[in-house]
Amino acid sequence: MEAEEEREQMDVEEEEEGSEVSSGEEDEAGEEETAKKGPLQKVEFSAEEERLRFLLELEFVQTLANPNYLHWLATNRYFQDKAFLNYLKYLNYWRQPQYPYCLHFLELVQHEQFQTELLNPKFAEYIHSNTFYHWRDYKKNRYRDAYLAKQQKAGQAASAAAPATESAAPQ
């Protein structure tokens with residue numbers, strides 16, 4: 001858990017460094033330097049740095065599927081830290097179809113009510129048990145849903161064909 005916390009802190013610090021805004025108290029030389037550069041420029045990373053960043057973000061996003069870790073984040077007031085909340089928003093790019101189920105929690109932890117509920121250990125237990133049952137029954141439920149969808153399509157096709165047949169029949 002300690003290694004996760006260190007990586008998380010590194011990610012938050014990287015996000016803070018990338019989102020620093022001038023307070024207007026810079027010295028004149030600093031203002032000239034900023035004026036020369038113009039708007040914030042994209043930092044180029046080597047392929048190895050990009051790979052490492054990807055792996056760290058992947059590991060962090062996967063930890064969001066652990067209700068006990070979410071409870072720990074809530075009790076340690078991470079959800080009250082604007083930099084951390086901005087980092088969570090940044091991680092939304094992971095919410096593409098090819099990424100895992102834990103991304104559902106990435107969405108949930110961005111809601112204030114969910115963050116508040118995570119302070120309660122019983123809520124973390126509730127999430128844990130529901131996640132367990134989701135995965136235990138996932139395959140069976142997918143088969144059931146596919147079967148019901150197939151039945152519904154067949155029923156709709158039959159009901160669509162029935163009026164056409166009735167109107168075509170001679171009277």
Side-chain angles (χ1 to χ4, degrees), residues 1-138 141-142:
M1 189 71 152
E2 224 173 277
E4 292 174 8
E5 293 170 22
E6 289 178 62
R7 285 187 205 106
E8 173 189 323
Q9 188 60 34
M10 286 175 33
D11 290 341
V12 170
E13 289 171 2
E14 285 178 9
E15 184 65 24
E16 288 175 339
E17 288 173 10
S19 63
E20 287 181 10
V21 178
S22 173
S23 62
E25 297 177 8
E26 292 180 333
D27 61 353
E28 201 170 280
E31 289 176 9
E32 290 174 12
E33 183 73 23
T34 305
K36 288 179 188 175
K37 290 182 183 177
L40 291 178
Q41 297 174 351
K42 182 176 179 179
V43 178
E44 295 294 324
F45 294 104
S46 70
E48 183 58 29
E49 289 171 327
E50 287 288 338
R51 182 181 167 281
L52 179 61
R53 183 178 184 102
F54 175 84
L55 292 174
L56 290 172
E57 289 175 359
L58 172 62
E59 185 175 345
F60 176 71
V61 168
Q62 288 175 330
T63 62
L64 295 177
N66 180 342
N68 294 319
Y69 181 62
L70 296 177
H71 173 69
W72 183 87
L73 289 172
T75 56
N76 286 285
R77 300 187 173 163
Y78 276 82
F79 297 123
Q80 296 172 0
D81 179 2
K82 287 231 184 245
F84 184 73
L85 294 175
N86 285 337
Y87 182 65
L88 291 175
K89 286 179 185 172
Y90 158 76
L91 291 174
N92 274 323
Y93 80 88
W94 283 89
R95 298 191 62 217
Q96 297 173 10
Q98 68 266 28
Y99 296 117
Y101 173 77
C102 63
L103 298 176
H104 179 66
F105 291 102
L106 176 58
E107 178 184 347
L108 290 175
V109 297
Q110 295 184 44
H111 297 284
E112 195 172 320
Q113 181 179 357
F114 187 77
Q115 295 167 6
T116 304
E117 292 291 336
L118 283 169
L119 292 168
N120 182 351
K122 296 270 188 213
F123 185 69
E125 290 174 26
Y126 171 78
I127 294 170
H128 179 74
S129 64
N130 279 319
T131 302
F132 168 77
Y133 291 120
H134 167 79
W135 285 114
R136 185 188 74 179
D137 301 330
Y138 182 72
N141 290 341
R142 288 203 50 199

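Source: prediction; values computed, not measured.
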Between CZ on residue F114 and CZ on residue F79, distance to nearest 0.5 Å: 7.5 Å
Once rounded to the nearest 0.5 Å, what's the spacing between atom CD of Q110 and atom CG of L64? 9.5 Å
Tightest non-hydrogen contact, residues P121 and H71, listed as N-CE1, 3.7 Å
If we count only N and O atoms by modelled type, under 3.5 Å, do the side chains of E125 and N68 hold a donor and an acceptor together? no
Using the ring of each side chain (for Trp, its six-membered ring), is F60 parallel, tilted or perpendicular to F84, with breaks at 30° and 60°? perpendicular
Would you compute the distance between atom CG of L88 and atom CZ of F105 and round it to the nearest 0.5 angstrom? 14.0 Å
Side chains of Y90 and E57, donor plus acceptor under 3.5 Å: yes
Distance in Å, I127 CD1 paired with E117 CD, rounded so as to fall on 0.5 Å steps: 9.0 Å
Working to the nearest 0.5 Å, report the span between CG of L70 and OH of Y78. 13.0 Å
Supply the atom-to-atom distance T75 OG1 to L119 CG, rounded to the nearest 0.5 angstrom. 7.0 Å
Taking H128 for the side chain and P67 for the main chain, is one N or O donor matched with an acceptor at less than 3.5 Å? no
Taking 4.0 angstrom as the limit, do R51 and E48 come out as a salt bridge? yes
Considering all heavy atoms of both residues, which atom of Q115 and which atom of L85 are nearest to each other, and what is their separation? NE2-CD2, 3.6 Å
Answer yes when E49 and R53 have at least one side-chain N-carboxylate O distance shorter than 4.0 Å, and no when they do not. no
